[in-house]
Amino acid sequence: MMMSSRSSVSLGVLLLLAVILSAGAADPDILTDFVVPSDTDPSGIDGAFFTYKNLVTGNSGDPAKLTVTKATHAEFPALLGQSVSYAALVFGAGTVNPPHIHPRASELLVVVQGPLLVGLVDAARNGTVYTQTLQTGDMFVFPKGMVHFQFNNGTDVVARAFSAFGSATPGTISLPAALFGSGIDDTILDKSMHTDQATVDQLKQDQAPPSPGPSPGSSSSAAAALLPSRWAITLLLCFAASYYFYF
């Protein structure tokens, strides 16, 4: 049903491909051991400049959702030119890190409290999806620019992981947000997904910023109810993009 003919490729799929294939340059080589920010006096640099303390303390985790804290160049200026960065991820029960890419870096994830289901989409092999359930202490690598995801499919267990990146600014492009939160015309989305307006409206609403009114319990229940349909449609979209680009 999805792959009727090559001529059915729509602007929506082409836009997705443009997002997936738009990779920034790698971190530039630097001519000094480290880079001193322009607003910093070099004579005043001490051990504190090379220290970052908020990766874990800034992420206590919310059992109802996914929380992520980062240590990239934006948060930790000493990383500029070092081609490394970090992230701490806490997955509440039943929460997902939706399919996304890092255009400028590979990612090496280690689970410190499992289990955690992870997977990636291999566009070069007809959109093959490789998945693995990781236990505490396991590692998984996501190659640069490849669509991937993480999912805590437990019902009452929090999962925790750390990710190392081969760039001080790896970047993150979330596919659901890029499609349903970017202003692409509804008709294009309808035809690209082979779905109806009501489904597109629901997915776009899910990507909208949360309103301040509802209680945390009601909002997390609504998000959990949307996970199956959003998950399925996003993966189908990944398959379609991979198929049309390579064939």
With rounding to the nearest 0.5 angstrom, report the [atom1] to [atom2] distance, [X] to [Y].
X: L66; Y: F91; atom1: CG; atom2: CZ; result: 5.0 Å
X: L89; Y: N97; atom1: CG; atom2: CG; result: 6.5 Å
X: T131; Y: L120; atom1: OG1; atom2: CG; result: 9.0 Å
X: L109; Y: D138; atom1: CG; atom2: CG; result: 10.0 Å
X: Q132; Y: L117; atom1: CD; atom2: CG; result: 9.0 Å

message: Counting only heavy atoms from other residues, nucleotides and ligands, does the tally under 6.0 Å from CG of D29 exceed 12?
response: no

query: Where do A159 and P115 come nearest, in terms of heavy atoms and distance?
result: CB-O, 3.6 Å

query: Can you name the nearest heavy-atom pair linking V110 to G137, along with the distance?
result: CG2-O, 4.3 Å

Less than 4.5 Å apart, side chain to side chain, heavy atoms only: is that true for [X] and [Y]?
X: H100; Y: I173; answer: no
X: K70; Y: T172; answer: yes
X: P37; Y: F49; answer: yes
X: F165; Y: V84; answer: no
X: H148; Y: V118; answer: no
X: T133; Y: L116; answer: no
X: M139; Y: V141; answer: no
X: F34; Y: F50; answer: yes

Side-chain donor-acceptor pair under 3.5 Å between [X] and [Y], yes or no?
X: T95; Y: N152; value: no
X: Q113; Y: T136; value: no
X: D186; Y: Q197; value: yes
X: D41; Y: S43; value: yes

message: Which label fits F142 and F140: parallel for a plane angle under 30°, tilted from 30 to 60°, or perpendicular past 60°?
response: tilted

query: How does the hydrophobic cluster around I30 look, that is, which other residues are in it when side-chain heavy atoms under 4.5 Å mark a link?
result: V35, L80

- request: Output yes when a side-chain donor or acceptor of T40 lies under 3.5 Å from a complementary backbone atom of V36, and no otherwise.
  value: no

Donor-acceptor contact below 3.5 Å, side chain T72 vs main chain T169: no

- prompt: Looking at the rings of F76 and Y86, which for Trp means the six-membered one, are their centres under 6.0 Å apart?
  reply: no

- request: With S167 as reference, evaluate E107, R104, H73 under the side chain to side chain contact (heavy atoms under 4.5 Å, CB included) test and give the passing residue.
  value: R104

message: According to a hydrophobic-cluster definition based on side-chain heavy atoms being under 4.5 Å apart (Ile, Leu, Val, Met, Phe, Trp, Tyr only), do V157 and V96 belong together?
response: no

task: Flag yes if I45 and L79 sit in one hydrophobic cluster, no otherwise; membership is Ile, Leu, Val, Met, Phe, Trp, Tyr, and two members link when side-chain heavy atoms are under 4.5 Å apart.
output: no

